[in-house]
Amino acid sequence: MEWLTVAIAKGRIEKDMNKIFYEIGMGDWIDQGSRKLVFEDHVNLIKYIFVKPVDVVTYVEKGVADLGVVGKDVILEQEGDVYELLDLQFGKCTFAVASFPQNKQFRLKNNIRIATKYPNITKKYFQKEDIEIIPLNGSVELAPIMGLSDVIVDLVETGNTLKANGLVVLEEMMPISAKVICNKVSYRFQYEKIMSYTRKISEGREKYN
Ligand code: PRP
Ligand code: MG
């Protein structure tokens, strides 16, 4: 029997996945708080690797990992050539354009300055419009406050970060949740094992949600 390698996005998604693994009785390998990055489940022959969300798609696309668990936001931004097998129904949030309420007419402006961690998604969404993308790596909500941009494109989950900074959603763009992705070659050659694994995850997800 062959091993499967699964790349999991560190952070919020990792925590939700651990709950699912316990739910389906496949969590014996979990060692929370450990600094280890590779774990082996010798019962089910699954190797788990923990990487930054943006790197999950790379590991899966290159075939180093057969499967990955990561947010749809990252999949869209990376434009990874992978299959999406399962919507996990957690990590739910919305992509939105946000700013101060008085900027709600931002589309009337020439050369709209947009700060974001997601330049590709932003470019696609605005298409032909006259925009300047200001790429940032985090705390994007600061940009309009500091006058660096007119609006931001970012994820909104509870809305607390926007609210705490006096910002509001001006346009909702698309819903986001965590997904299981698959390498295209693995999908052909390890089909049975991948299907039985994702079926178990899917059952765990239903119990957990
Ligand atoms: C994310 C996102 C928003 C916030 C949304 O930031 O970029 O800022 O969470 O969540 P909320 O609507 O519940 O407040 P994150 O905490 O991941 O930090 P970063 O943007 O600095 O990377
Ligand atoms: Mg943020």
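Each residue takes its place number in the sequence, starting with 1. When a ligand or atom number is given, it counts from 1 through the structure's own listing order.
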Contact residues of ligand 1, where a non-hydrogen atom lies under 4.0 Å away: R12, K117, G138, S139, E141, D154, L155, V156, E157, T158, G159, N160, T161

CD1 on I131 to OG on S149, rounded to 0.5 Å: 12.0 Å

K36 with D31: basic N within carboxylate O range, under 4.0 Å: no

Salt-bridge criterion met for E84 and K72 (N-O under 4.0 Å): yes

S99 (side chain) donor-acceptor with D150 (main chain) under 3.5 angstrom: yes

Y48 ring center within less than 6.0 Å of F21 ring center: yes

Electrostatic pair E171-R107, nearest N-O below 4.0 angstrom: yes

